[in-house]
Amino acid sequence: MKHTRHNDTSAHMPVTRIAPSPTGTLHIGTARAALFNYLFARCHGGKFILRFEDTDRERSEKLYEEDILTALQWLSLTPDIVVRQSDRKAVYQRHIQRLLTAGKAYLSKEPSKKDPAQEVEVVRFRNTSPVISFTDTVRGAITVDIGDLGDFVLARSVDDPLYHLAAVVDDMEMGVTHILRGDDHIINTPRQIALLEALGGTRPSYTHLPLIHSPSGGKLSKRKDATAVTAFRDLGYLPEAIVNAIALMGWSPKRDDEVFSLEELVATFSLSGIQKKEAVFNEKKLLWFQKQHLQRLSEYRLRKEVLPSLVERFPVRSRLQPRSVKTVLHAVREKGAPLAEERLLIAGGVYDFYFTEPTYATQLLLPPKSDMSPKDLPSAVLSGLWKTYALLRQMSAYTGWDEGHIQQQVWSHAEQQGKSLILWPLRVALSGQDKSPGPFLIAQAIGKRQTMRRIQRACALLEGIL
Ligand code: GLU
């Protein structure tokens, strides 16, 4: 193959498609092809088709069709048209007949591949002009001699087409102008062009996308690597994060910033940004995009993602104080983890202290790193906490009960007595945990009344061990 770099051709109302076989779930590779086809169609006001290549009836399953369509919709890559090859048998038959009538294909009686004792009548292509040249957007001019393919088989019988014939007929009939697909199909392109010419179709533009490699090296594998889009959805990745991550697998923008929404991608995408070099699927990078897009997520969407788990944990609505809910949402946004992780934390009670009084062992109130003797520590903690209580009581519950003011109110007391002696017990009194957000944030979230109650309770517990 000879390679020369070729520039973008400007497109007029393009028609693009992806053509997955419904023999498995939508994986990252096909999702990337879908995204590029979607972007190209959208940025030129064209159409994007989803075509199920389900001519292999034994391996095709409805369940996978549903998975593929649902996953595409979830990513907002909704196709304009959805077709199924099994519904188009008559179309293929008509074109096979045309080829036979024109002498461009012929029937051939030969032993069956499955059972050589049986004779079948296959349709073979008359391969007369075997040198095919075409231009691939990424790889440039390519010339291939397909002579050694011989008269390849087009259909198992007149009404049972094989992949190449069905794909070429469909691309032609559906007016596909741009084919963007994985590099592994570059080998199929010359014979599909020969077939298209025999059928009298117009040649589309070809763009073969670099393969996606797994971080451990080698081609990304459906079996070895976690690649199903719906699996990422179930882990709580945002569709925006996935779209952003796959956009940069094989395409590079002309700007330095890597964070894109789908709309921004539509506005920026161009075929000239597609690279030859293979792309790498990197889960760490996906996690980074999750964080970026969680920061940008609307409050409404974040609520929709997180609130059901809180409602499940606290079915009594009155427990879900708006300020506490807001604080949890903020924490989730800041952490930037996949949301299923956060749902598990909520279900496991990690955020409970925002909504109910925590229970904990009294010993937890004693700061672990104190130079005070164990004998003196409980009473020192107790008097410090009482003083904190007195200081906070002076504050208004309505004006100025926020993180900054609360901190200001107790700060010099903490500095005088020692921060860990004052702030550790205060934090444990409010959260019941040895690790939690800072006490001022919790106090702000749960409100003054709860804060005072919890400190009082902690003091009572300490009195019990004096
Ligand atoms: N069924 C093929 C695939 O999923 C489609 C090839 C093509 O896009 O032409 O890889």
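Counting convention: from 1, in listed order, for ligands and their atoms alike.
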Establish, from distance only, whether the side-chain atoms of Asp151 and Tyr106 form a donor-acceptor pair under 3.5 Å.
yes
Face-on cation placement of Arg32 at Phe36 ring, 6.0 Å and 45° thresholds:
yes
Does Arg191 qualify as a cation-pi partner of Phe152, given the criterion of NZ or CZ under 6.0 Å from the six-membered ring centre and within 45 degrees of its axis?
yes
Pairs satisfying salt bridge (Lys or Arg N to Asp or Glu O under 4.0 Å), at least one member in residues 245-261, at least two apart:
Arg255-Asp257, Glu258-Lys285
Near ligand 1, at a heavy-atom separation below 4.0 Å: residues by chain and residue number
Arg17, Ala19, Pro20, Ser21, Glu53, Tyr163, Arg181, His185
Taking atom types as modelled, find out whether Asn244 and Gln292 have a side-chain donor-acceptor pair closer than 3.5 angstrom.
no
Does a side chain donor of either Arg319 or Thr356 reach within less than 3.5 Å of an acceptor in the other side chain?
no
